[in-house]
Amino acid sequence: MKRILILVLALAVVLGMAFTAQAKKRYVFGGGPAGGTFQTVANGIQVYGPIKSNPNFSVKAQSSGGSVENLRTTNAGRVAFSTVYAGEVFLGRNGKMKNDPRKYENVLVVGYLYGAPAQLVVREGSGITSAKDLAGKKVGVGNAGSGAFANCERFFTHLGIWDKIERNAMGYNDAAQAFGNEQLDAFWLLTAFPSGAVIMAAQTNDINLIDLGKDAADSGYFEEYPYFGKLTIPAGTYRGVDKDTPSFFDSALLVANAKVNPDHVYELMSAVWSEEGLKHMVGQKKTFRAMSVADGLKGVNPAATPLHPGAIKFWKEKGVLK
């Protein structure tokens with residue numbers, strides 16, 4: 001009888017473990033192209049201990065083209081979580097994406113990650129002092145489907161030069177390599193600094209950064225696209241760039257599909273925005289120093305870009321959302 005009881009208990013344990021394994025939800029986290037911070041976000045969350053050991057769900061990082069692709073795949077439910085720029089979240093929700101009137105209403109905001117500034121890299125001594133000087137030049141404009149590409153097209157169209165440059169759609173690392181081989185005259189990024197791709201470019205060339213803040217202010221860009229903020233890339237961020245460089249930035253947001261279990265969103269946030277979770281993210285890249293509970297909804301207007309129910313619960317508990 002005792003032996004039978006032991007066998008029954010053992011069977012119950014095995015069945016319980018099988019049920020738990022079967023019940024554990026698997027979520028795909030949309031990252032970004034190689035060399036970009038989006039992929040670092042996805043990888044950092046995937047490998048964080050409390051996320052890996054969570055009994056209710058697992059997270060798998062998956063590379064992507066970037067912000068625009070993430071907006072579409074998250075909306076369709078092909079990925080559960082991703083990073084998308086605030087501009088794309090707003091434009092997509094309101095059907096204002098270029099040549100795309102669809103409304104991406106299944107993408108809900110989880111929290112603010114960091115500000116991603118526009119950066120335009122040229123060779124020192126090239127004579128290029130403004131983005132307008134790129135007419136007739138070979139320019140890396142970000143890979144197709146990325147927020148970098150979409151923002152480059154938006155900004156250069158605003159300046160009247162999009163159709164006057166030789167556009168090369170490629171990721172940051174590929175652009176830095178092509179720039180180093182003198183196959184490009186300049187390349188554009190929309191990512192946190194310091195960027196590994198720009199550091200790579202500065203190892204083989206004397207580089208300079210264009211004052212995009214002046215280009216934007218002089219052309220009325222901030223008035224037309226008010227969701228952009230202003231910032232300065234400090235002198236010394238990159239080798240050989242010894243002056244402050246004004247620019248503008250979009251906010252990189254963690255988003256989730258509307259159908260993701262609110263409890264799971266809450267659990268993920270509780271891990272990532274904990275004191276240890278924030279230290280872990282900074283360990284992945286110094287860019288994530290911008291992450292904090294206090295700034296968890298920085299640049300987010302819940303009326304314009306609604307929050308996920310799990311995020312509402314979390315930010316209300318933290319006193320960030322009233």
Side-chain donor/acceptor of N94 to backbone N/O of K96, under 3.5 Å: no
Donor-acceptor contact below 3.5 Å, side chain Y238 vs main chain S195: yes
Consider only side-chain N and O atoms of D100 and Y104, and report whether a donor and an acceptor are under 3.5 Å apart. yes
Which atom pair, heavy atoms only, marks the closest approach of A192 to P117? CA-CD, 3.9 Å
For residues A176 and M200, report the shortest heavy-atom separation together with the two atoms involved. CB-SD, 3.9 Å
Which atom pair, heavy atoms only, marks the closest approach of L184 to A175? CD1-O, 3.6 Å
Taking the side chain as everything from C-beta on, heavy atoms only, tell me whether L268 gets closer than 4.5 Å to V59. yes
Within 45 degrees of the axis of the six-membered ring of Y266 and under 6.0 Å from its centre: does K313 put its NZ or CZ there? yes
Stepwise side-chain contact (heavy atoms from CB on, under 4.5 Å) test for L253 and Y112: CA-CA 5 Å; L253 305 178; Y112 170 85; 4.3 Å; yes
Closest non-hydrogen atoms of S292 and L278, given as atom of the first, atom of the second and distance, are CA-CD1, 4.1 Å
4.5 Å side-chain heavy-atom contact, K137 and E166: no
Any donor-acceptor pair under 3.5 Å linking the side chain of D174 with the backbone of M170? no
Quick one: are R239 and D206 in side-chain contact, heavy atoms under 4.5 Å? yes
For the side chain of T74 and the backbone of L71, is there at least one donor-acceptor N/O pair under 3.5 Å apart? no
Looking at F38 versus Y85, is the centre-to-centre ring distance below 6.0 Å? yes
Does a side chain donor of either N43 or Q39 reach within less than 3.5 Å of an acceptor in the other side chain? yes
Does atom CD of E267 have more than 12 heavy-atom neighbours from other groups under 6.0 Å away? yes
In terms of hydrophobic clustering (I, L, V, M, F, W, Y; side-chain heavy atoms under 4.5 Å; direct or indirect links), are F187 and I210 co-clustered? yes
Q62 side-chain N/O to F29 backbone N/O, donor-acceptor pair under 3.5 Å: no
Go through N257 and N75 one step at a time and tell me if the side-chain contact (heavy atoms from CB on, under 4.5 Å) criterion holds. CA-CA 6 Å; N257 178 272; N75 189 75; 5.7 Å; no
Measure from the side-chain N and O atoms of D133 to the backbone N and O of S130, and report whether any donor-acceptor pair falls under 3.5 Å. yes
Using a 6.0 Å cut-off, check whether atom NZ of K230 has over 12 heavy atoms from anything other than its own residue. no
Minimum heavy-atom distance between P33 and G65, given as atom pair plus value: CD-O, 3.8 Å
Using the side chain to side chain contact (heavy atoms under 4.5 Å, CB included) definition, which of the options D215, L189, L134 pairs with L120? L134
Using the test salt bridge (charged side-chain N to carboxylate O under 4.0 Å, His left out), find all partners of K322 that sit at least two apart in sequence or belong to another chain. none
Aromatic ring centroids of W188 and F149 under 6.0 Å? no
Sub-6.0 Å ring centroid separation between F81 and Y27: yes
For the ring pair F155 and Y221, is the centre-to-centre distance below 6.0 Å? yes
Would M281 end up clustered with F193 when hydrophobic side chains under 4.5 Å apart are linked, directly or stepwise? yes
For R102 and G95, indicate whether the former's side chain and the latter's backbone hold a donor-acceptor pair under 3.5 Å. no
Could you go through the side-chain contact (heavy atoms from CB on, under 4.5 Å) check for L108 and L307 one step at a time? CA-CA 5 Å; L108 301 180; L307 301 177; over 6 Å; no
Option passing side chain to side chain contact (heavy atoms under 4.5 Å, CB included) with L254 (candidates V272, V109, V110, V84): V110
How about I233 and L209: do any of their side-chain heavy atoms sit closer than 4.5 Å? yes
Minimum-distance pair of heavy atoms, taken over all atoms of Q119 and L212: N-CD1, 4.0 Å
Side-chain heavy-atom pair N56, K24 within 4.5 angstrom cut-off: no
Take atom CD of E275 as the centre, draw a 6.0 Å sphere, and report whether it contains more than 12 heavy atoms from other residues, nucleotides or ligands. no
With rounding to the nearest 0.5 angstrom, report the CD1 to CG distance, I161 to L159. 5.5 Å
Please walk me through it: do E276 and K279 pass salt bridge (Lys or Arg N to Asp or Glu O under 4.0 Å)? CA-CA 5 Å; E276 290 303 316; K279 287 180 181 178; 3.8 Å; yes
Are the side chain of H158 and the backbone of S219 linked by a donor-acceptor contact shorter than 3.5 Å? yes
Would you call M97 and V68 a side-chain contact if the rule is heavy atoms closer than 4.5 Å? yes
Flag if over 12 foreign heavy atoms under 6.0 Å of NZ, K138: no
Is there a donor in the side chain of S64 and an acceptor in the side chain of N70, or the other way round, less than 3.5 Å apart? yes
Is there a donor-acceptor contact under 3.5 Å from the side chain of N54 to the main chain of P50? no
Within the 4.5 Å heavy-atom criterion, are E69 and S146 side-chain neighbours or not? no
Are E224 and R154 close enough for a salt bridge, meaning some N to O gap below 4.0 Å? no
Pair V47-H280, side-chain contact (heavy atoms from CB on, under 4.5 Å): steps then yes or no: CA-CA 10 Å; V47 303; H280 165 77; 3.9 Å; yes
Do E88 and S67 have side-chain atoms, one donor and one acceptor, less than 3.5 Å apart? yes
Looking only at the side chains, is there a donor atom on one of T37 and T191 sitting less than 3.5 Å from an acceptor on the other? yes
Should F57 and V28 be regarded as members of a common hydrophobic cluster, given that ILVMFWY residues are connected when their side-chain heavy atoms come within less than 4.5 Å of each other, either directly or indirectly? no
Would you indicate whether the side-chain heavy atoms of K318 and V293 approach each other to under 4.5 Å? yes
Main chain of V122, side chain of D185: is a donor-acceptor contact present, judged purely on distance under 3.5 Å? no
Is NZ or CZ of R123 both nearer than 6.0 Å to the six-membered ring centre of F179 and within 45° of the ring axis? yes
